[in-house]
Trainee: 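Questions regarding the structure given below will be posed in turn.
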Amino acid sequence: MEKEIDEKKQGTSLVLEQKEGNQKKLFIESYGCAMNFSDSEIVASILTEQGYNTTQKLEEADLVLVNTCSIRDKAEQTVRKRLEKYQAVKRSINPSMKVGVLGCMAERLKSQFLEEEKIVDMVVGPDAYKDLPNLLKEVEEGRDAINVILSKDETYGDVSPVRLNSNGVNAFVSITRGCDNMCTFCVVPFTRGRERSREPQSIMAEIQDLWDRGFKEVCLLGQNVDSYLWYGGGLKKDFDKATEMQKATAVDFAQLLEMCAIQFPKMRFRFSTSNPQDMHEEVLHVIAKYDNVCNYIHLPVQSGSTRILKEMNRQHTREEYMELVDKIKRIIPGCSISQDMIAGFPTETEEDHQDTLSLMEYVEYDFGYMFAYSERPGTLAARKMEDDVPEEVKKRRLQEIVDLQQILSEKRTKRFLGQTVEVLIEKESKKSDKHWSGRNSENVVTVFPKEHYKEGDFVLVKITDCTTATLIGEAVGYSEMN
C-alpha cells in the first residue's frame, strides 16, 4: 500500500483542453493512488492523438474508461458500481458507447470482466496504454480487446502527459514503475510488474516543459521512489548483470533529486512514496542541502511490531525503522514524517497493536493514512494467512490509531505558531473566497488573506493560529523562491 489515496479525488472525471478537429468523446474516471491519476494523463494524451476530446457528460461519450485500483476492497466495490452505471447508460441512452477498464484491477479481473460478466469491451493493464489505438480498432470491429502484459521496460518516458484538472501550479512526474518488494498484503507487484526506472533526461525534459508552462512544484512519483536506479534500461533486479560502464554511470535517486534541485532552483520538489529499507542517507543530505527540496518524507511502516513486519515481508524491523527516523531528525531538523498504517493484519495481537501505538508516539508523525486490513485476492497474505482478527477488533484498533494520530497531528501543527513559513499558493481556500490556500515545505496546509498575491506565488506567512491540520496566518512578503 505504498501509495497515498486522496479520498477527495476518487472518481474524478478528467477534462483537458479540446483539440480542434477531434470528433470523438472520451469520459475517463480515476480511482486509487497518485500513480493512477498520473497514468490517466498518459492515456488521455495518447487518445487525443486518436481523435478523442474529453467530456464530463457520461451520456454523450463514445468511449468510457475507468482507471482502477486493487489496493482496498472499498475501491474495487466502488468501481463495480460505476461499471453498472455505465452499463445502464449504454442500455438505455447510448448503445454504441464502448467501456474499458484500465489499471491494476483490470489486470487482476480480466476474464471476469470480459468473459463471465460481459460488462466491458476492453481491458488494458498499466503497461499497455501505448497499445490503446490497436485495442480500439479491435473493439470498433466488434471484438473484445485485452492487453494486460506486464513489461520489463515500459516507463512512458516518451509520452508527454496532458495535465488533467490541473491548477497549473503542482504536477506529478512518474520516475519509476512497478515494485520488487513483495509485501504480503499488496497486489502492486502482480498488477504493475517488476521495478524499472525511467531515463533521467526524459524526466528532466518533462520538468522543463512544466517549468516553461509556469508550474512551480513537482512531485516525483513511484511505487518506491528511493529505489530509482537508471543504468541504461531494464529491471532493477538485473542491475547486477549490468556492465562495469553501466554501473559506473548509473543514476540513483539521490543523484536524480539533486539534478532536479540544481537545474530548477526556483521550483519546489517533493517525492512519494519511500520504502524504509530503500531510503539511503544520501537522499537525506540532498533534502537538507537544497531549500527547494521539501522537508517532508512519507515513510510507510504499516505496523510497529517487528513480528507483524516480518509477516508482512517488510524487510526491516521496528528498531531499524526507528534508527532511520532518528537519522532523518538529525540530518533534517523539523522534517515532517507521515505514515501508512494497517490495523488488524492476520495474527495481530493486542501486544502487536500496542507496539504500533508506541512507535507512533516515538516518531510523532505529522499525519497518516490509516486503514483496517482487508484481504486482497492474489496476495500472499490471502493465499497463506487466515484473516483471523475479528472485524470489531480491527475497527477498535483502527480508531485508536486514528485518535492518537489526531493528538500527534495537533501537536506537530502547533510547532509552527509564531513562526514565518514559506507557502506556495495553490488555490482558493475551501472555506473563504477571500483567503488563499497552499502548503509549506513540511506539507502542512496554510491559509491566509489574499491581498495582492496570486496562485503560484511563493509567500512568507507569519503563523498566528492553527487547527489540528491547518495553519492560519498573514502574508508578510514574497519569498526568495519567487
Trainee: Using only heavy-atom distances, determine whether the side chains of Ser40 and Asn67 contain a donor-acceptor pair under 3.5 Å.
Mentor: yes

Trainee: If we only count heavy atoms from C-beta on, is the Leu324 to Glu320 side-chain gap below 4.5 Å?
Mentor: no

Trainee: Could you tell me whether the side chain of Lys327 and the main chain of Glu281 form a donor-acceptor pair under 3.5 Å?
Mentor: no

Trainee: Are more than 12 heavy atoms from other residues, nucleotides or ligands located less than 6.0 Å from atom NZ of Lys24?
Mentor: yes

Trainee: To the nearest 0.5 Å, tell me how far Phe264 CZ sits from Lys216 NZ.
Mentor: 14.0 Å

Trainee: Heavy atoms, side chains only, cut-off 4.5 Å: are Gln315 and Asn275 in contact?
Mentor: no

Trainee: To the nearest 0.5 Å, what is the distance between CG (Asp355) and CZ (Arg318)?
Mentor: 5.0 Å

Trainee: Is there a side-chain contact between Asp62 and Leu26 (heavy atoms, below 4.5 Å)?
Mentor: no

Trainee: Quick test of your reading of the model: are Arg194 and Asp180 salt-bridged, counting only N-O distances below 4.0 Å?
Mentor: yes

Trainee: Quick check: closest heavy atoms across Ser274 and Met279, and the distance to 0.1 Å?
Mentor: OG-CE, 3.7 Å

Trainee: Using 0.5 Å steps for rounding, measure from the OG atom of Ser197 to the NZ atom of Lys236.
Mentor: 7.5 Å

Trainee: Is a donor on one side and an acceptor on the other found under 3.5 Å between the side chain of Trp436 and the backbone of Tyr453?
Mentor: yes

Trainee: Which class fits the ring pair Tyr373 and Phe345: parallel under 30°, tilted 30 to 60°, perpendicular over 60°?
Mentor: perpendicular

Trainee: With a cut-off of 3.5 Å and sequence neighbours excluded, list every side-chain donor-acceptor pair involving residues 464-474.
Mentor:
unit_1	atom_1	unit_2	atom_2	d
Thr464	OG1	Ile472	O	3.4
Thr467	OG1	Ala469	N	3.4
Thr467	OG1	Thr470	N	3.1

Trainee: Just verifying a value: how many Å separate Arg268 CZ and Met481 CE, rounded to the nearest 0.5 Å?
Mentor: 7.0 Å

Trainee: Can you pull out every salt bridge (charged side-chain N to carboxylate O under 4.0 Å, His left out) where at least one residue sits in residues 250-262? Sequence neighbours excluded, please.
Mentor: Glu258-Lys289

Trainee: I'd like to know if the side chain of Asn170 reaches the main chain of Glu426, judged simply by a donor and an acceptor atom lying under 3.5 Å from each other, with no hydrogens or angles considered.
Mentor: no

Trainee: Could you walk me through whether Ile287 and Phe271 satisfy the side-chain contact (heavy atoms from CB on, under 4.5 Å) test, starting with their C-alpha distance in whole Å, then the side-chain angles of each, then the deciding distance to 0.1 Å, before giving a yes or no?
Mentor: CA-CA 11 Å; Ile287 297 170; Phe271 56 89; 3.7 Å; yes

Trainee: Mind running side-chain contact (heavy atoms from CB on, under 4.5 Å) on Cys183 and Arg314 for me, showing each step along the way?
Mentor: CA-CA 6 Å; Cys183 299; Arg314 287 294 286 170; 3.3 Å; yes

Trainee: Can you see which heavy atom on Pro126 is nearest to which on Asp39, and at what distance?
Mentor: CB-OD2, 4.4 Å

Trainee: Where is the tightest heavy-atom contact between Val225 and Ser272, given as atom of each residue plus distance?
Mentor: CG1-O, 3.3 Å

Trainee: Could you list the residues that satisfy side chain to side chain contact (heavy atoms under 4.5 Å, CB included) with Glu480, not counting sequence neighbours?
Mentor: none

Trainee: Would you say the side chains of Asp278 and Asn224 form a donor-acceptor pair under 3.5 Å?
Mentor: yes

Trainee: If every non-hydrogen atom of Met259 is compared with every non-hydrogen atom of Pro200, which pair is closest and at what distance?
Mentor: CE-CB, 4.1 Å

Trainee: Would you say Glu319 has more than 12 foreign heavy atoms packed within less than 6.0 Å of its CD?
Mentor: yes

Trainee: So do the side chains of Cys219 and Phe172 get within less than 4.5 Å of each other, counting heavy atoms only?
Mentor: yes

Trainee: Regarding Arg415 and Glu364, does a basic nitrogen lie under 4.0 Å from an acidic carboxylate oxygen?
Mentor: no

Trainee: Does the separation of the ring centres of Tyr296 and Phe367 fall below 6.0 angstrom?
Mentor: yes

Trainee: Evaluate the side-chain proximity of Thr273 to Pro300: yes if any heavy-atom separation is below 4.5 Å, no if none is.
Mentor: yes

Trainee: Mind running side-chain contact (heavy atoms from CB on, under 4.5 Å) on Trp211 and Lys266 for me, showing each step along the way?
Mentor: CA-CA 9 Å; Trp211 173 255; Lys266 298 291 186 184; 3.6 Å; yes

Trainee: Any side-chain heavy-atom pair from Tyr52 and Leu136 closer than 4.5 angstrom?
Mentor: yes

Trainee: Is it the case that over 12 heavy atoms from other parts of the model lie below 6.0 angstrom from the CG atom of Asn292?
Mentor: yes

Trainee: Is the backbone of Leu299 close enough, under 3.5 Å, to the side chain of Tyr321 for a donor and an acceptor to pair up by distance?
Mentor: yes

Trainee: Counting only N and O atoms by type, is there a donor-acceptor contact under 3.5 Å from the side chain of Glu60 to the main-chain atoms of Leu58?
Mentor: no

Trainee: So how far is it from Gln201 CD to Arg198 CZ, rounded to the nearest 0.5 Å?
Mentor: 11.0 Å

Trainee: Do the side chain of Arg412 and the main chain of Ser409 share a donor and acceptor less than 3.5 angstrom apart?
Mentor: no

Trainee: Side chain of Thr48, backbone of Ala44: donor and acceptor closer than 3.5 Å?
Mentor: yes

Trainee: Has the side chain of Ser437 got a donor or acceptor atom that lies under 3.5 Å from a matching backbone atom of Ser429?
Mentor: no

Trainee: Just by modelled atom types, is the Glu442 backbone N or O under 3.5 Å from a matching donor or acceptor in the Asn295 side chain?
Mentor: no

Trainee: Taking the side chain as every heavy atom from C-beta outward, state whether Asp340 and His298 have any pair of such atoms under 4.5 Å apart.
Mentor: yes

Trainee: Does the distance from a Lys or Arg side-chain N to an Asp or Glu carboxylate O, for Arg396 and Glu400, drop under 4.0 Å?
Mentor: yes

Trainee: Using a 4.5 Å cut-off on heavy atoms from C-beta on, say whether the side chain of Ile401 contacts that of Met360.
Mentor: yes

Trainee: Check whether any side-chain N or O of Asn440 sits under 3.5 Å from a backbone N or O of Thr446 as a donor-acceptor pair, and report yes or no.
Mentor: no

Trainee: Going through the checks in order, is the side-chain contact (heavy atoms from CB on, under 4.5 Å) test met by Met97 and Tyr86?
Mentor: CA-CA 9 Å; Met97 184 172 94; Tyr86 304 157; 4.2 Å; yes

Trainee: Would you say the ring centers of Tyr290 and Phe269 fall short of 6.0 Å from each other?
Mentor: no

Trainee: Over all heavy atoms of both residues, which pair between Gly477 and Val459 is shortest? Give the atoms and the distance, please.
Mentor: O-CG1, 3.4 Å

Trainee: Is a salt bridge present between Arg439 and Glu217, judged by a nitrogen-to-oxygen distance below 4.0 Å?
Mentor: yes

Trainee: So which atom in Thr176 and which in Gly222 form the shortest heavy-atom distance, rounded to 0.1 Å?
Mentor: OG1-CA, 3.4 Å

Trainee: Which value, rounded to the nearest 0.5 Å, describes the distance between Leu284 atom CG and Ile328 atom CD1?
Mentor: 5.5 Å

